[in-house]
Number of protein chains: 2
Amino acid sequence: MATPLHISISKKLRHQIESGVYTSGDRLPSEHQLMETYNVSRITARQAMANLVSQGLAIAYRGKGVFVTPQKKVTYSLSSPLVFLEQDMARQGVAFSFESLTFESICAPAEVAVALEISADTPVYLQRKLLRMDGAAGAVDVSYLIAELGQRFAPQLERQMTFPTLAQNGVPIEHVDAMVECTHADYDLSDHLEVPLGHALMVYRYTAYSCDRQPVLHGATISRADRFCYSLSMRAGE
Amino acid sequence: MATPLHISISKKLRHQIESGVYTSGDRLPSEHQLMETYNVSRITARQAMANLVSQGLAIAYRGKGVFVTPQKKVTYSLSSPLVFLEQDMARQGVAFSFESLTFESICAPAEVAVALEISADTPVYLQRKLLRMDGAAGAVDVSYLIAELGQRFAPQLERQMTFPTLAQNGVPIEHVDAMVECTHADYDLSDHLEVPLGHALMVYRYTAYSCDRQPVLHGATISRADRFCYSLSMRAGE
DNA sequence: CGCTTCAACTTGTTATGACAAGTGAGTTTA
DNA sequence: TAAACTCACTTGTCATAACAAGTTGAAGCG
């Protein structure tokens with residue numbers, strides 16, 4: 001046979017997932033079961049599972065088993081330029097909750113200083129937020145705000161460093177530049193986001209500008225690619 | 001040691017890539033070399049390489065070796081709503097070329113019929129395009145056009161089914177809905193796009209509407225996530 | 001009843017060994 | 001000279017084996 005065994009096995013499993021034999025969150029056969037069912041070695045059974053995990057169709061948990069990835073994706077609209085975590089996504093059938101991980105005042109790192117058009121030693125507020133979806137970690141947001149602009153209402157920022165909070169305190173956002181790209185989870189990040197190594201991630205980088213075209217806020221939202229997609233609606237006209 | 005051997009090896013290689021020991025397109029040490037260097041079995045060396053491939057940092061070629069992925073990403077702007085492959089990306093330091101793979105007239109598949117708001121048996125033009133970047137396959141575009149709208153200039157469409165072509169022939173596009181998500185290469189697709197199994201892909205789905213809010217064109221661009229990112233620039237104001 | 005312990009399960013890591021298959025350079029052959 | 005072949009090297013596939021480590025439920029103990 002031309003196609004490798006582990007490919008044909010993972011194809012069969014993939015088909016079973018897509019045809020509803022195994023659905024969202026179901027446990028797939030264990031490696032030992034696959035060995036008996038298809039009469040292959042553990043290496044082959046393991047490789048077949050690795051294919052599914054690599055394709056984002058399944059997640060493996062040591063000691064528990066391999067489970068079908070919850071395939072429902074949450075759509076985030078890029079058309080209304082709000083910072084990611086502020087979106088009202090409750091009506092998409094997933095329970096969201098925010099968690100402020102850290103809030104501190106630091107000197108701007110080089111990359112951030114460039115984006116905010118400030119010198120590298122200017123103080124900025126750094127906030128890390130965690131977005132939970134049905135309890136599980138779904139996205140991490142890291143954002144930097146020029147500290148001078150938020151000094152007067154820092155306690156409020158600590159709770160929620162969002163566009164409305166800024167606007168209410170005299171720092172309205174008029175313009176947002178953003179970029180969407182795809183990366184992969186490395187070993188360090190997998191601790192925070194609870195995703196396996198090599199798992200695909202979407203990165204949403206943004207820089208928000210005030211009315212006078214001065215950059216105010218810069219940050220990135222790193223989300224699980226299997227749980228998020230981005231939508232937009234544009235009018236033609238250059 | 002708490003961290004597995006294959007992790008520490010791939011971390012070391014990753015660091016060497018990031019610090020410039022190996023740069024874009026360089027060949028990484030062979031599995032046998034890793035076995036001798038780190039005194040590990042081939043399984044461990046192989047796993048370390050698999051980590052890098054899984055993270056998109058390297059690509060393996062049978063018989064040749066493992067090479068550092070060309071890390072330069074091409075930015076596609078979502079702000080000017082043109083169909084993906086029409087963009088002028090020549091100035092980003094990559095040589096682009098288009099290739100029309102197929103052009104045929106078929107009955108609209110179910111999913112397409114829904115998007116184009118037509119019945120499932122309405123004829124549509126189906127075009128597949130391949131975008132080459134420096135010779136290598138970078139993206140595949142599959143688009144469907146309501147056949148009735150393009151009958152008069154079908155030969156021209158076959159060469160380039162693009163927004164300007166449509167506009168020149170009295171079918172201007174005024175509005176585009178789009179969505180960006182991330183998937184993974186499956187075994188079938190890897191043939192066409194020349195990417196390894198499990199490789200991350202960006203999918204850009206779009207539906208273009210004419211002035212009277214009628215859907216005209218629907219399609220998707222599937223691109224290598226390690227070569228593409230999407231940018232946008234939005235004005236605030238709901 | 002509640003807690004602890006343990007055994008049976010799971011996936012993760014790693015070693016050794018073998019053959020298949022693609023690549024490329026050098027050598028042989030026509 | 002040019003084509004064909006061989007050989008060394010590469011990654012891909014697959015088997016057997018063992019131990020580590022996380023999970024879970026059942027059995028036993030206080």
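Note that the coordinates shown come from a computational prediction; the quantities given were computed from them, not determined experimentally. Just so it is clear: chains get the letters A, B, ... in the order the sequence lines come, proteins before strands, and each one is counted from 1.
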Distances under 3.5 Å between protein N/O atoms and the N/O atoms of nucleotides 20-24 of chain C, please, pair by pair.
| from | atom 1 | to | atom 2 | distance (Å) |
| --- | --- | --- | --- | --- |
| dA21(C) | O4' | R62(B) | NH1 | 2.8 |
| dA21(C) | O3' | R62(B) | NH1 | 3.3 |
| dG22(C) | N2 | G63(B) | O | 3.1 |
| dT23(C) | O4' | G63(B) | O | 3.4 |

Holding to side-chain contact (heavy atoms from CB on, under 4.5 Å), I want the full list of residues that pass it with [X], two or more places apart in sequence or in another chain.
X: T44(B); result: L5(B), H6(B), I9(B), V40(B), S41(B)
X: T23(B); result: D26(B)
X: M179(A); result: E181(A), R205(A), C229(B), S231(B)
X: V114(A); result: none

What do you reckon, are the aromatic ring centroids of Y204(A) and F228(A) less than 6.0 Å apart?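 No; F228(A) has its ring centre 6.0 Å or more from that of Y204(A).
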Run the ring-ring contact (aromatic ring centres under 6.0 Å, His included) test against Y125(A) and tell me which residues pass, sequence neighbours left out.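 Per chain and number, Y125(A) pairs via ring-ring contact (aromatic ring centres under 6.0 Å, His included) with F103(A).
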Show me the pairs that pass salt bridge (charged side-chain N to carboxylate O under 4.0 Å, His left out) and involve residues 53-67 of chain A, at least two apart or across chains.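 Matches after skipping sequence neighbours: none remain.
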Only pairs at least two apart or in different chains count here, so list each salt bridge (charged side-chain N to carboxylate O under 4.0 Å, His left out) that has a residue in residues 32-50 of chain B.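 Counting only pairs at least two positions apart or across chains, the salt bridge (charged side-chain N to carboxylate O under 4.0 Å, His left out) contacts touching residues 32-50 of chain B are E31(B)-R42(B), E31(B)-R46(B).
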Sequence-distant partners of S105(A), side chain to side chain donor-acceptor pair (under 3.5 Å), two or more places apart: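 Residues passing side chain to side chain donor-acceptor pair (under 3.5 Å) with S105(A): none at all.
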Protein and nucleotides 14-19 of chain C: nitrogen or oxygen contacts under 3.5 angstrom:
| from | atom 1 | to | atom 2 | distance (Å) |
| --- | --- | --- | --- | --- |
| dT14(C) | OP1 | L5(B) | N | 2.5 |
| dT14(C) | OP2 | L5(B) | N | 3.2 |
| dT14(C) | OP2 | H6(B) | N | 3.2 |
| dA15(C) | OP1 | S41(B) | N | 3.4 |
| dA15(C) | OP2 | S41(B) | N | 2.7 |
| dA15(C) | OP2 | S41(B) | OG | 2.4 |
| dA15(C) | OP2 | T44(B) | OG1 | 2.4 |
| dA15(C) | O5' | S41(B) | OG | 3.4 |
| dA18(C) | N6 | R42(B) | NH1 | 3.2 |

Using salt bridge (Lys or Arg N to Asp or Glu O under 4.0 Å) as the criterion, list what pairs up with E18(A), not counting sequence neighbours.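 Testing E18(A) for salt bridge (Lys or Arg N to Asp or Glu O under 4.0 Å), a comparison that skips the adjacent residues, returns R14(A).
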Of all of residues 30-38 of chain A, which get a heavy atom below 4.0 angstrom from DNA chain C, listed by number?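 Result for residues 30-38 of chain A: S30(A), E31(A), sorted by number.
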